[in-house]
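We count residues from 1, following the sequence as given.
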Amino acid sequence: MITNIIPVSQPALVGNEKTYVIDCLDSNWISSNGKYIHLFEQKFAEYLGVKHALSCCNGTTALHLALLASGVGHGDEVIVPTLTYVATANTVAYTGAQPVLADCEPDTWNIDTAKIEALITTRTKAIIPVPLYGHPCDMDPILDLARRHKLFVIEDAAEALGASYKGRLCGSIADISTFSFYGNKTITTGEGGMVVTNDDELAARIKIFKGQGMDQNRRYWFPQIGYNYRMTNIQAAIGLAQMENVDLFLAKRRTIADMYKLHLADIPGITLPIIKEYAEHSWWMYSILIENEYGQRRDAVMKKLDDYGVETRPFFYPMHIMPVYSGGGSNLDVAVSVAKKGINLPTYYELCEEYIVYIANILRDICKL
Ligand SMILES: Cc1ncc(COP(=O)(O)O)c(C=O)c1O
């Protein structure tokens with residue numbers, strides 16, 4: 001019997017994090033200037049193969065910056081999946097635009113590309129695909145729609161560092177992409193985010209917005225309203241150390257996914273995650289569906305796992321069932337059904353096979369039909 005709690009997620013601070021942070025403290029570079037900001041941004045841009053990586057204080061501000069740089073504002077509409085973390089919709093609302101909610105695919109749980117075109121109006125300005133839990137979205141049809149209707153594509157790749165679509169890394173495909181480095185993400189800076197783009201003009205606008213709107217060539221001259229969305233050198237120091245191990249982290253997550261697949265395969269009533277032929281998964285979370293049309297069985301399964309010391313998370317609620325976003329879309333039944341059944345299982349660097357077998361045995365015991 002395992003008596004410790006198995007967390008759903010935990011950071012892996014196994015490299016140069018402490019050394020670099022101490023260097024920040026010793027050198028007095030603890031605020032939002034300093035060499036680690038530059039080094040982290042440079043390493044991140046190199047990893048993705050993009051021209052610009054601009055750090056900021058979290059994934060939410062990264063999305064807000066991407067929307068601001070795209071010129072989204074009052075009166076505009078932005079198409080976002082209803083099944084996502086709330087920041088995707090909230091940041092659209094920050095700009096004064098209206099999030100228009102789209103249904104998800106039943107198998108990848110990502111925005112259903114076939115349902116996007118019907119949502120486009122003369123007010124639509126952008127589409128935000130979200131590679132949920134690390135499975136890439138089918139980007140080519142989205143990019144094609146965007147080209148035909150002259151829309152921006154902003155990929156909210158918070159959960160998809162290291163995932164790829166047809167050989168291209170998530171974050172390197174859209175006009176702008178955003179990442180989160182919250183403590184549960186594949187790499188973390190405690191709190192932190194990144195906006196990436198190949199477009200010089202968008203990058204220049206992001207820089208201005210994240211620095212209070214200051215003219216980049218004239219100190220304390222503010223031609224526009226901006227924000228203080230800067231990352232600190234200490235956060236960037238942790239981020240650089242994390243990026244040095246990103247391949248290791250991703251390899252470990254793939255091994256964890258393989259182990260879950262092996263040990264959960266024979267359990268009835270559980271749907272395992274699929275991987276489309278175009279996709280390389282980042283396995284931010286190993287997620288399953290508990291199939292039962294008749295009741296709250298998913299919640300009972302989570303409760304049982306909790307009783308045995310296994311922390312899990314339910315899938316996100318679809319945005320449209322929350323009062324603040326009700327009325328934001330219609331025909332969103334697939335998302336409602338998926339959200340009721342989904343569980344994120346523990347997925348983190350230190351998770352060992354013994355724990356995965358332990359989790360599988362609990363699930364096998366509960367899911368006897
Ligand atoms: C899909 C998605 N978008 C945006 C965010 C927001 O990131 P943060 O929590 O760093 O603000 C998250 C993170 O939790 C996320 O999962």
Side-chain angles (χ1 to χ4, degrees), residues 59-106 108-132 136-158 160 165 170-171 173-178 195 197 199 201-202 205-206 209 224-225 316-339:
T60 307
T61 55
L63 274 169
H64 191 199
L65 287 167
L67 287 158
L68 291 166
S70 307
V72 171
H74 280 278
D76 294 331
E77 292 175 356
V78 177
I79 298 171
V80 306
T82 191
L83 191 60
T84 182
Y85 183 60
V86 70
T88 323
N90 276 352
T91 49
V92 173
Y94 295 171
T95 67
Q98 168 80 35
V100 175
L101 303 170
D103 205 0
C104 71
E105 296 174 336
T108 65
W109 317 321
N110 284 332
I111 190 165
D112 189 336
T113 52
K115 294 183 181 170
I116 296 176
E117 191 154 25
L119 303 175
I120 296 174
T121 70
T122 50
R123 290 150 63 131
T124 309
K125 197 76 182 256
I127 306 170
I128 310 185
V130 184
L132 199 72
C137 300
D138 192 3
M139 292 298 279
D140 280 346
I142 296 174
L143 293 169
D144 179 56
L145 267 180
R147 254 189 308 269
R148 284 194 281 117
H149 293 273
K150 297 192 175 19
L151 309 175
F152 280 98
V153 178
I154 299 168
E155 186 181 23
D156 178 356
Y165 173 74
C170 289
I173 305 166
D175 298 304
I176 313 187
S177 302
T178 62
V195 194
T197 181
D199 188 304
E201 253 180 60
L202 290 173
R205 273 186 239 152
I206 291 162
F209 275 118
Q224 65 181 69
I225 293 170
F316 301 128
Y317 290 104
M319 294 300 109
H320 70 279
I321 69 168
M322 279 177 270
V324 277
Y325 291 117
S326 65
S330 54
N331 301 325
L332 303 165
D333 302 343
V334 178
V336 171
S337 153
V338 166

I would like to know whether V78 and V100 meet side-chain contact (heavy atoms from CB on, under 4.5 Å); could you show each step before the answer?
CA-CA 6 Å; V78 177; V100 175; over 6 Å; no
Judged by atom type as modelled, is there a donor-acceptor pair below 3.5 Å linking the side chain of S337 to the main-chain atoms of D333?
no
Is the backbone of P136 close enough, under 3.5 Å, to the side chain of N110 for a donor and an acceptor to pair up by distance?
yes
Might you point out which heavy atoms bring L332 and A102 nearest each other, and give the distance in Å?
CD2-C, 3.5 Å
Nearest-0.5 Å distance that lies between atom CE in M139 and atom CG in D144
12.5 Å
Determine, step by step, whether I111 and I79 satisfy the side-chain contact (heavy atoms from CB on, under 4.5 Å) criterion, reporting the C-alpha distance in whole Å, the side-chain angles of both residues, the deciding distance to 0.1 Å, and the verdict.
CA-CA 10 Å; I111 190 165; I79 298 171; 4.2 Å; yes
Shortest non-hydrogen contact between L83 and A335, atoms and distance:
CB-CB, 4.2 Å
Decide side-chain contact (heavy atoms from CB on, under 4.5 Å) for D76 and R123; before the verdict, give the C-alpha distance in whole Å, the side-chain angles of both, and the deciding distance to 0.1 Å.
CA-CA 5 Å; D76 294 331; R123 290 150 63 131; 5.5 Å; no
Any heavy-atom pair between the side chains of H64 and T95 that's under 4.5 Å?
yes
Rounded to the nearest 0.5 angstrom, the CG-OG1 distance for D140 and T113 is 10.5 Å
Nearest 0.5 Å, what's the CD-CD1 distance between E201 and I206?
11.5 Å
Can a side-chain donor-acceptor contact be found between E77 and T121 if the only test is distance below 3.5 angstrom?
yes
Donor-acceptor pair, Y317 side chain versus T84 backbone, under 3.5 Å?
no
Classify the ring geometry of Y85 against F316: parallel below 30°, tilted from 30° to 60°, perpendicular beyond 60°.
tilted
Just wondering, do T60 and N90 contact through their side chains at under 4.5 Å, heavy atoms?
no
List the atom of Y325, the atom of A93, and the distance in Å for their closest heavy-atom pair.
OH-CB, 3.8 Å
Short question: side chain of R205, backbone of L68 - any donor-acceptor pair under 3.5 Å?
no
Heavy-atom pair with the smallest gap, counting every atom of P99 and V92
N-CG1, 3.6 Å
Minimum-distance pair of heavy atoms, taken over all atoms of T124 and L151
O-CD2, 3.1 Å
Between L101 and P81, is there a side-chain heavy-atom distance shorter than 4.5 Å?
no
Rounded to the nearest 0.5 angstrom, the CD1-NE2 distance for I116 and H149 is 10.5 Å
Side chains of P129 and I142: does their closest heavy-atom pair fall under 4.5 Å?
yes
Side-chain (T82) to main-chain (M319) donor-acceptor, under 3.5 angstrom:
yes
If you round to the nearest 0.5 Å, how far is CD of E155 from SG of C170?
4.5 Å
What closest approach, in Å, do A339 and P318 show between heavy atoms, and which atom pair accounts for it?
CB-CD, 3.5 Å
Could you check if a side-chain atom of I176 sits within less than 4.5 angstrom of a side-chain atom of D199, using non-hydrogen atoms only?
no
Check: G71 main-chain N/O paired with K125 side-chain donor or acceptor under 3.5 Å
yes
Return yes if some donor-acceptor pair links the side-chain N/O of T91 with the main-chain N/O of A87 below 3.5 Å, else return no.
yes
With a 3.5 Å distance limit and no angle check, can you tell me whether D103 reaches the backbone of V334 through a side-chain donor-acceptor pair?
yes
Are L143 and I173 close enough, and set up right, to give a side-chain contact (heavy atoms from CB on, under 4.5 Å), and what steps lead you there?
CA-CA 9 Å; L143 293 169; I173 305 166; 3.6 Å; yes
Could you tell me whether the side chains of D138 and Y165 share a donor-acceptor contact shorter than 3.5 Å?
yes
Can you tell me how far CG of L145 sits from CD1 of I127, rounded to the nearest 0.5 angstrom?
5.5 Å
Got a donor-acceptor contact below 3.5 angstrom from the T197 side chain to the D175 backbone?
yes
